[in-house]
Each structure stands twice: as structure tokens, then as C-alpha cells.
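Working notes for the structure below.
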Amino acid sequence: MRDRIRLWTYRAVSRRDLRLDLLRGYCVFAMLVDHLDINTPYYWFTGGNRFFTSAAEGFLFLSAVVMGVVYRPIAERDGAAAVLRKAGRRVAQLAAITVVVTLGYMWLSARLGLPWAANFDPRVEIPRVLSFSSSYYLVDVLNLYVVLVALAPSVFLGFARHRPWFVFGVSGAIWTIHQFWPISLPWPAEGGFYYIAAWQFLFVIGLAVGWYRDTVTRRLSFLSAPRGQAMLVLAAIAFIWFWHSTWLLDGYVPDVGAAITAAFAKWNLPPARLFASAVFFSLAFSIIHYFWRPLSAAIGWLLIPFGQNALFAYVVHLALIVVLLAARAEWLTDANTLAVGIGLQTIGLASLWLVTSGRSALGRLLSAGPVWFPASSWLDRAARLGVAGVLALVVASQPFDVPTLPGFVALPADQASFARPRVLVHAPPDAAARQPLPIVIVLADEEGEPDALARDFIEAADKYGWFLIAPRIEYQDDSLDPAVIAAESPGLIRGLREIVEDVAHDANLRLRRRVTIFGFGRGASLAQRYALTYAPETRAVALLGGGGYTLPPMNDIAEDPQFPFGVRDMSAAVGRSINVDALRRIRFWIGVGERDTDTATTSRAWDKFLGATRVERAATLARVLMRDGNDTRYVIVPDAGHEMTADARSRIVQFIVDSMSSGPFLPPVEPRRQSVRGPDDALLPFR
């Protein structure tokens, strides 16, 4: 085996390190997959931008490593002045690319009706983009990259004068201060994300790794030994296990989601996230080094072109994301979520590969021409001028009429708690005139896409003036194990409440305090437990096809089953006592398909409390609620199984309308700060 590994080990065939190209290519691959935000098997290889480290760290770190490798020979051969000149030209080039790409990206997003570009007006946006005073979804990383590259010459100057520890001291001090007292720079716009004070430290580390490449290789040689490799593997396994098992801490940490988010915050790059990034980068580099031949044969054809054209690939990926997200909004339905998701991600990867491979092939062809005619250089300049000219012409010819806000807006998820659901929101077009708006929360089943389910309610939301919230909930895999349900529920309930509070205060709209919740399948069980926990803040609950409800408090407390079957010990689990009087005022609609009788997809642990099928369980819950005085409607949806039908939807909509037609009404929630606003004050993403 050792002989085989020696044959597989990487051997340099040129001055370019193809291992770094492969790693950078993987980062581009992961960003394209993750930014489409569709949970498919591709997430097994990328983490879905929800893990303790992400492709953004790898992309910027590897870019810094490559800069360090490239610029040291220049400094040694031509001196520090040459480094400053070359870096200055690079910064100017990157700044120009960022401006052109940002305007083109915003214009295309606006033409296709994507939310972050709603109401896009070049007369307003061009000055902001030129001054770097506005940062937009997905192009903010380019703003960060420009600033970090602009800092590189001063770092190289310190390295060239043999003062690396001074450079590290200053950079590390800024990073450390930021961890305790966040440093938010007004320019370039950070928007509360990718804080420069934090990310500059990672970039400086990358520059040092590239500049002192040979020294770093010697100092870290222990990682290439079997013991070092074993340590990296065990650390990676521990991180992956912990990622899937954070719910185990619910009984020991008051708010696990908030604690883990703080420890691994992407925008702040705290020590835990830096350590996770170091572990996975080192392990990935080792795997690529020792298994180079089979890996390059298997995936090198795809990833190496991405890595060798990393910045170009990132720019192209932005255009692909815009087009594919528009297609996703049009095609993605609850019936074909997985198939369409895989298809869109595959189309995006194939398109990106064709473009980057074609660029590489054309570059090789032109470089084979006469030395006295630098065709590739002239082609690059002509392409840049052509793109800028076409963009200016197109924007000038159709500048201002952009579509109104589409159905749903995805609030950025990177700053969300790890135990907190991700969220989509929708406000009616005339939201400002209809304030205060009632909040309607839609909770999908474990295999359903929230926007596909909630999209059925957009027409009603626009007609009746509802503010829709559709969280993307990460349920634990085993839905039949009551211990798993009991362990995951407190975090999901608290996370759902965090979303309601944050959106209510940040929406720049006045919203009603008591929410209405609709849940389907596993979402129905969560909706009912949320109502038990936050009864004073809940107006009405509609449940369809639930299989694991929690029985409300019995008249005799001795009758209450153990949580999650009943409310015994529920208060201790969720950290909040049950308000029985408020619970009695909630209106319930409990529906089930008449053919929803499959016992294989429901847990037998609930049989003795609710019955064996979803039909029996819905009937039991309705009977208990009616007995205790709740206004409850029990509906068997005809000719339906475990599904959302048009008949069920119309009944649910009518129930919500009826529930909102009478009081009492509490004072609305007032916005706490200005947020980004779109046409008719519809809510837009905020960062």
C-alpha cells in the first residue's frame, strides 16, 4: 500500500502548483452549489454553507497563498518597489472588475426580478458602487477581496524587511480586538458581514504561507507523519459529528444555537472557525498530495479549470446564479424539488466548466503564437473593454423599469443560529398601506421545500394583507424516535421564536404581535408545540397531516404523558412555563387526508396516546382540545392522502381569514431600525 501511495503522490511537473488549483476549483464548485441554496446530495460534498467552515474561507485563503508564492520572487529579483507597482496595478484591475461586475450583476438580477435588485436604479447605484459604499448579495466578497489585496503590499513590505512577527502582531491584534469589540468600517461598506478586521487575519496568514512556503512546509512536517494525519482525520470526524449532534447539548447549554453561532460565526472568524478551517484545509491538502493521481484523474478535469481561472469563474458563477435562481423560482415545486435541484446545480456546474475550459484552451492557443505579438494580452484588454461597453449600452437603453418583488425573499442565512431555522419572507405589494400586518408562519414537512408549500398562500397573503414567514427547518433524520423529537424540539421552538422577533423588529413594517401558524406533516407537530410554548403570542394554528402531536395539559396533571407525548417536563425542556389560560384562547384547525392511514411512516410510540394512524391522531387531538374549551375545527379532507390539496388549502385560508376577523388585538410591533426597502415597502434581504 505504501508503494502504491508513493506512486500516487503529487510530483510537480511545472512551476504552477496544481494542488492549489484543485483546491481553489473545489471552492468555486462549492460556492456555485451552495449559492443556489437547494438541499441536494451535492451538499454532502460542500456542507451547504451551513458547516463550521465554508468555501469563502478557502477561496480567499488560497488566493492569498498564491499571491505570496508569486510575489516573493519579484521582491527578491526586482525589489520592493516592483512589488508595490505590480500590486497597485492588481488592485486597480480588481476594483474596475468589481465595479463592472456589480453593476452588471445588479442589472441582470433586476431584469429577472430577483429580490436584492428590486427597484434598481443606475442613477442611484452607480455612485454607491464607484465609492464602494454599498455592498450587495454575493458580490460583497469581491469588495472584501479588493480591500485585502490592497493591504497585501504593506504585508509584503514587512516580509521583505524580515519583520514577519511585527506584521502578524499588528494583524492578530486587530483580529483579537474585533472579537471583543467589533470593528465595523463605514467604507468600504461591510453591511454587518465579512468584517474586514476579522478576515484580514486569515488573508495575512495565507500571504505568509505562500511567502514562506518552504519554511512552513518544514515546520509543519509533523502533519505529514502518520500520527499527524491521524490527528487531522480525528479532528475532522469530531467536527462532522458535532455538527450533526449539537442538539445533545440542549440540556446543558441554555441556548445551544446562539452559543454555537457565536463560537463559529462566519462574519467574525472567531478562533473555533479558524481552527476548523485549518483542520479541513490541511486534511484536504494532504489527501490531494498523497492521492494525486487517482483524484486528478477522477475530478481534476472538472476542478482544475475552475481553480486556474478562479476569479473569472467567480464572476461567471454570479451570472449563472442569477439565471438559475430565476429558473428555480419558476420550476421548483414541491413535487420535484430534488430532481429540479440536482438538475439546476448540474447545469450550473456544466456551464461553468464549459466557459472556464474554453477560456483556458483559448489562452493556450494564443500563447503558442509569436512572442512579438502578445495576442492573449490584447484579447484580455479587448474583452474587458467590450464587456464594459456592452454593459453600459444595455443599462443605458433599459435602465429603470424593473419587475416588482417576486414571491419570496431569502433572508441571508450565514448569520443565523445553527439551531435556528433559515427563513423566507413575503410582504404584500401594498404592505405599507395595510399596516399593521398579521404574521402567518408556514412550516413544511421534513422533505418539503418551504417556498414550494408557502407559495400556495401568496395569493391569499396579497389579497388579505398577510406577512408570510416560511422557515427552512433542519430536522434530525430519525422522525420516528421520540427521544430525537424531544431533544430537537426545544431548539427548533426557540429558533422559530427568534425569527419571529427579529423579522417583526427588522421588517420596517408594523406587524401584529400574535402569529398564526400553519404546519404540514412534521411541521404540524412543531407548530402545535410552538403554540403550547408561546400561547400568549399565538392567535390561531392550522395543522395538516401531523403524526407526532404533543397532548395539551390535562385537567388532572397526573394524566399528562412525558414530553414529547404530553407536557410533563416540557416546561423544563423548553425553558418556559405553559400558560393554560392563553392556550385556551387559541383557535385550532386540525385536518387530515381521509386516506392518510399509512402506519409505516408514523412512530408506534405515539399509538397509546393518540392512535395508530394520522387520521386517528388528528381526531384525538381535536377531541382533547374541544373538551378543554378551545375553538377547534376538525376536518377530514376527502380523497386525499398525506398531501396538500387545493381543497385543503382553501379550507386553511378560510380558517385563517375567519380567525383574524375578530379580536382581541394587541399593540403592533414597531420596527427597531431602518431596513432595505423595495417597491411599496415590501421587505428585502438585509445584511
Side-chain angles (χ1 to χ4, degrees), residues 441-446 448 473 475-476 478-490 492-493 496 516-535 538 540-555 559-571 573-574 578 580 582-584 586-594 596-637 641-642 644 648 652 655:
I441 303 172
V442 179
L443 302 178
D445 203 357
E446 57 188 327
I473 300 171
Y475 297 105
Q476 297 297 322
D478 193 349
S479 62
L480 304 183
D481 186 348
V484 171
I485 302 300
E488 76 167 359
S489 294
L492 293 179
I493 293 169
L496 195 54
T516 297
I517 312 177
F518 162 63
F520 172 63
R522 203 162 170 181
S525 302
L526 175 59
Q528 191 244 346
R529 293 189 186 101
Y530 179 91
L532 289 172
T533 307
Y534 294 101
T538 305
V541 179
L543 310 172
L544 178 64
Y549 297 121
T550 295
L551 286 169
M554 301 294 188
N555 293 329
E559 297 180 35
D560 288 336
Q562 186 77 28
F563 184 71
F565 311 110
V567 296
R568 181 150 44 101
D569 295 333
M570 182 179 179
S571 296
V574 300
I578 296 175
V580 177
L583 181 61
R584 297 290 182 264
I586 298 176
R587 300 178 179 184
F588 282 89
W589 184 94
I590 302 173
V592 64
E594 67 173 343
D596 197 356
T597 56
D598 180 18
T599 58
T601 56
T602 56
S603 171
R604 304 278 63 78
W606 267 266
D607 287 1
K608 62 181 178 179
F609 303 108
L610 293 172
T613 68
R614 292 188 180 92
V615 173
E616 294 175 3
R617 295 178 182 186
T620 301
L621 179 62
R623 185 169 58 252
V624 171
L625 290 168
M626 290 176 185
R627 182 200 67 185
D628 292 340
N630 285 90
D631 181 352
T632 304
R633 302 182 191 179
Y634 171 57
V635 176
I636 296 180
V637 183
H642 188 63
M644 166 67 86
I652 294 166
F655 166 75

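Predicted, not measured: the structure shown is a model, and the values here were computed from it. Atoms considered below: every heavy atom in the structure, side chains included; atoms not considered: hydrogens, waters and symmetry mates.
Between R522 and I473, the closest side-chain pair of non-hydrogen atoms is not below 4.5 Å. Counting heavy atoms from C-beta outward, Y475 and D445 have side chains that stay 4.5 Å or more apart. Between I578 and S571 there is a side-chain heavy-atom pair separated by less than 4.5 Å. Here the side chains of L526 and I493 are in contact, with some heavy-atom distance below 4.5 Å. Looking only at side-chain heavy atoms (C-beta outward), T613 and T599 come within less than 4.5 Å of each other. For the pair L532 and M570, the minimum side-chain heavy-atom distance is below 4.5 Å. At a threshold of 4.5 Å between non-hydrogen side-chain atoms, the residues R623 and T632 do not count as touching. Under the 4.5 Å side-chain criterion, counting only non-hydrogen atoms from C-beta, R529 is in contact with P564.
Side chain of E616 to main chain of A612: a donor-acceptor pair is present (N/O by atom type, distance under 3.5 Å, no hydrogens or angles). Under a 3.5 Å cut-off, the side chain of N630 and the backbone N or O of L583 do form a donor-acceptor pair. A side-chain donor-acceptor contact under 3.5 Å links R604 to the backbone of T602. Counting only distance, with no hydrogens or angles, the side chain of Q528 and the backbone of T550 share a donor-acceptor pair below 3.5 Å. With hydrogens and angles ignored, the 3.5 Å screen pairs a side-chain donor or acceptor of T620 with a backbone N or O of L610.
Here the CZ atom belonging to F588 is positioned 5.0 Å from the CG atom belonging to L625, to the nearest 0.5 angstrom. Considering CD of E594 and CZ of R614, their distance stands at 15.5 Å, rounded to 0.5 Å. With rounding to the nearest 0.5 angstrom, the OH atom of Y530 is 5.5 Å from the OG1 atom of T538. Distance check, rounded to the nearest 0.5 Å: CZ of R617 to OG of S603 gives 6.5 Å. Separation of atoms CZ (F518) and CD1 (I441) is listed at 13.0 Å; rounding is to 0.5 Å. Atom CZ in F609 sits 8.0 Å away from atom CG in L551 (nearest 0.5 Å).
The two residues L443 and G523 have their closest heavy-atom pair at CD1-O, 3.6 Å. I517 and A527 get closest at one heavy-atom pair: CG2-CB, 3.4 Å. Considering all non-hydrogen atoms of both residues, G519 and A524 come closest at O-CB, 3.2 Å. Here the closest non-hydrogen pair linking P490 and A573 is CB-O, 3.4 Å. F655 approaches V541 most closely through the heavy-atom pair CE2-O, 3.6 Å.
Using cut-offs of 30° and 60° for the angle between ring planes, the F565 and W606 rings count as perpendicular.
With P552 as the fixed residue, the side chain to side chain contact (heavy atoms under 4.5 Å, CB included) test singles out one of I586, L621, V567: L621.
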Decide yes or no on side-chain contact (heavy atoms from CB on, under 4.5 Å) for L543 and Y549, but give the supporting numbers first.
CA-CA 10 Å; L543 310 172; Y549 297 121; 3.6 Å; yes
